[in-house]
Amino acid sequence: MRSFIWLPATAVLAALAEATTLSTLEELCTESIAQAALPPSEFIQGLTIDASSVTTNIVTNDSVSGNDYPNAVISYCNVTLAYSHDGIEGDQVLLEIWLPAPSDFQNRWLSTGGGGYAINSGDTSLPGGIIYGAASGMTDGGFGGFSDQADTALLLANGTLNYEALYMFAFKAHHELSAIGKAFTRNIYGLADSTKLYSYYQGCSEGGREGWSQVQRYGDEWDGAVIGAPAFRWSFQQTQHLYSNIVEQTLNHYPSPCEFDFIVNATITACDPLDGKTDGVVARTDLCLLDYNITTLIGETYSCAASRGSPAVNGTLTAETIEVAQTILDGLHDSEGRRVYFSYQPSAAFDDAETQYNSTTGEWELNIDQLGGEYIALLVNKNGTTLSSLEGVTYDTLKDWMISGLLEYWSTLQTTWPDLTPYHNAGGKIIHYHGDADYSIPTASSVRFWESVRTTMYPGQDYNTSSDALKDWYRLYTVPGAGHCAPNDAMPNGPWPQTNLGVMIDWVEKGVVPTTLNATVLQGENQGQNQQLCAWPLRPLWVDGGETQECVYDQRSIDSWHYDLDAVPVVVY
Ligand SMILES: *[C@@H]1O[C@H](CO)[C@@H](O)[C@H](O)[C@H]1NC(C)=O
Ligand SMILES: *[C@@H]1O[C@H](CO)[C@@H](O)[C@H](O)[C@H]1NC(C)=O
Ligand SMILES: *[C@@H]1O[C@H](CO)[C@@H](O)[C@H](O)[C@H]1NC(C)=O
Ligand SMILES: *[C@@H]1O[C@H](CO)[C@@H](O)[C@H](O)[C@H]1NC(C)=O
Ligand SMILES: *[C@@H]1O[C@H](CO)[C@@H](O)[C@H](O)[C@H]1NC(C)=O
Ligand SMILES: *[C@@H]1O[C@H](CO)[C@@H](O)[C@H](O)[C@H]1NC(C)=O
Ligand SMILES: *[C@@H]1O[C@H](CO)[C@@H](O)[C@H](O)[C@H]1NC(C)=O
Ligand SMILES: *[C@@H]1O[C@H](CO)[C@@H](O)[C@H](O)[C@H]1NC(C)=O
Ligand SMILES: *[C@@H]1O[C@H](CO)[C@@H](O)[C@H](O)[C@H]1NC(C)=O
Ligand SMILES: *[C@@H]1O[C@H](CO)[C@@H](O)[C@H](O)[C@H]1NC(C)=O
Ligand SMILES: [Ca+2]
């Protein structure tokens, strides 16, 4: 039974009957039509949808551009609504759903996610669904409003986490967004029960983690999930942001950003040809890791102009600076030399290591990476959102934070449950991509999860058999030269997979398997050029003097992505 306090049942039915014949955005986009299409409150146990909260407005001919969809001009109906969780005083969760005109609607729903501590990406990700005829939604997670991030809600008082907010951020809010959004979409476009509503997800970074949070828990929520560089394995991922700082502190050496920049440039130059094509792009960071040694840079001259309040610098690279950089590349080891975690691929920027200039002393000094600092302050210490000191913090402290966080946040933020059987059984597909030069989430983090799913779901099968079985429905692609969820100015000729949702739709709805992932060079001299990305575990190799790309099986390269985390006494998926 529908329960509306403000509309007589006959008016609801009339509005619904009308809804089945709507054809223009103007007809669709009214408060009464949207209110009549709300699912009944008892649709999800414990939720009350507030019909009086509904707002609608039409947006016409909006020019949109982003990394996750081609440039377009779109028109849509913007609907917002609020609901609350029964039993929580003052609770309010907002959803924003964009609807294409009925004539453009193609029986699709798209959920979108956020980044950092944000659970949505504002207006930047919803166009990606409208372009493909999908009703597209985002949530505010109940954190106060669409621009309020989870971190503003996670601490009730020093020492007291808001566990409802934590669970909302971790996975609940997205489950509710999909459930309400899909039901609302069916109602407002008047889909018959027998008509399939295809359901998708698209998100990168924290948005990637949010995508996995659903795929790992709810088998039938989506037909296809497009997931980039996910910020999962939370306690490891967040803590590792502090590793570069602790290397600098432990070795008591603080290189200038110019020195790190020089090392990155030299690495790109040296490793570019290893993929068979000298195009300024390191497509084989694995060969770079195996075959290039930055110690050869000791004694080379660097210089940078003044910028952002920092003076011009120049000098020659010292053995101390190379030791800092190499230790960062080696990844975290504990005081007994055992491996705790891994690092970014060579050619990635040393973002976490960035030092700050002290004009009093004329020296470069420690600059605490607050992506990592916030995790420790907020979710480990539970008394703030920035970490003001790393005094006394050692490699072993980082290890302890990773392991204790694995236990504390296993069922919420960790998000590495490797058994995807329900999702697979429901026919779900996954496109997972990760920039090879990601400087914020190690590319090997995504490889590790794919491999964990492979060994969990296909135990006892040899590598190729299990890989092929997994690739039937879950495919991972590394993106040559790309940074974190975006193309990379340092390797402008690199491709970027901008049409992932279109590719996913073709896979789900037409059975077109993305053997390679469609990508486009988005800047530089080759702007507009199409390239195809190889699916893990195959690696790209240019042949015929750089004319043709092949996807090759290279055992030595594959092995370089696998790490034995022997310092951690439990399985790390
Ligand atoms: C939107 O663009 C179309 C096609 O260019 C045009 O016909 C229409 O008038 C525009 N609508 C508005 C409101 O600008
Ligand atoms: C959508 O509606 C909400 C609520 O009225 C408003 O704050 C937001 O700016 C609207 N967005 C667009 C793109 O119209
Ligand atoms: C926690 O303690 C810090 C430092 O004493 C204080 O600035 C902050 O306001 C407190 N936060 C809360 C949520 O009480
Ligand atoms: C690194 O290369 C970029 C061009 O990609 C250049 O702008 C920058 O100055 C170089 N940095 C150093 C330290 O050589
Ligand atoms: C790099 O070269 C140095 C000096 O030859 C050597 O000590 C070091 O082990 C090498 N590192 C790697 C990762 O191969
Ligand atoms: C290096 O810096 C010094 C002053 O700090 C300046 O005199 C010199 O010209 C610079 N050299 C280069 C190659 O930029
Ligand atoms: C710069 O160094 C001085 C002397 O060590 C110190 O007192 C000051 O706090 C530093 N400034 C900053 C911004 O860290
Ligand atoms: C926050 O908690 C940590 C760990 O308990 C403690 O060391 C630190 O002093 C606290 N910071 C503040 C500002 O209260
Ligand atoms: C897996 O298949 C590739 C060809 O795609 C082959 O070169 C390789 O030897 C096989 N690996 C194993 C472990 O069987
Ligand atoms: C693949 O990318 C090209 C541009 O590089 C684009 O024209 C084409 O439509 C894309 N294919 C799909 C399936 O989206
Ligand atoms: Ca290259």
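Computed from a predicted structure; not experimentally measured. Atom set for the values below is all heavy atoms of this structure, side chains included, hydrogens, waters and symmetry mates excluded. Both ligands and their constituent atoms are indexed starting at 1 by order of listing.
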Quick test: of every protein heavy atom, which one is nearest to atom 14 (O) of ligand 1, and how far off is it to 0.1 Å? N61 ND2, 3.3 Å
Taking the side chain as every heavy atom from C-beta outward, state whether L420 and I430 have any pair of such atoms under 4.5 Å apart. yes
What protein heavy atom lies closest to atom 3 (C) of ligand 6? Include the residue and the distance to one decimal. N314 ND2, 3.6 Å
Parallel, tilted or perpendicular: which describes the rings of Y433 and W496, with under 30° parallel and over 60° perpendicular? perpendicular
Below 4.5 Å, heavy atoms only, C-beta onward: do D62 and Y76 meet side chain to side chain? yes
Numbered atoms and elements of ligand 10 in range of N518, under 4.0 angstrom, heavy atoms: 1 (C), 2 (O), 3 (C), 8 (C), 10 (C), 11 (N), 12 (C), 14 (O)
Does any N or O of ligand 10 fall below 3.5 Å from an N or O anywhere on Y132, backbone included? no
Between R454 and E451, does any side-chain N to carboxylate O distance fall below 4.0 Å? yes
Show me which atoms of ligand 10 lie under 4.0 Å from any heavy atom of N530. 1 (C), 2 (O), 3 (C), 4 (C), 5 (O)
Is the centre of the W212 ring less than 6.0 Å from the centre of the Y423 ring? no
Protein contact of atom 4 (C) of ligand 10 - nearest heavy atom, named by residue and atom, plus distance: T520 OG1, 3.3 Å
Protein contact of atom 13 (C) of ligand 1 - nearest heavy atom, named by residue and atom, plus distance: T60 CG2, 3.7 Å
Polar atom proximity, D506 to ligand 10 (N or O, under 3.5 Å): no
Could you tell me whether K277 and D275 make a salt bridge, using a distance below 4.0 angstrom between a side-chain N and a carboxylate O? no
For ligand 10 and Q529, I'd like to know whether there is a polar contact (N/O to N/O, distance under 3.5 Å). no
Heavy-atom distance from atom 1 (C) of ligand 6 to the protein below 4.0 Å? yes
A519 and ligand 10 - part of the residue with a heavy-atom distance under 4.0 Å: backbone
Would you verify that at least one protein heavy atom lies under 4.0 Å from atom 7 (O) of ligand 1, or report that none does? no
Indicate yes or no for a side-chain donor-acceptor contact from S199 to the backbone of E221 under 3.5 Å, with no hydrogens or angles considered. yes
Does the protein place a non-hydrogen atom closer than 4.0 angstrom to atom 11 (N) of ligand 6? yes
Check whether any side-chain heavy atom of N57 lies under 4.5 Å from a side-chain heavy atom of C29, and answer yes or no. no
Looking at H432 versus F449, is the centre-to-centre ring distance below 6.0 Å? no
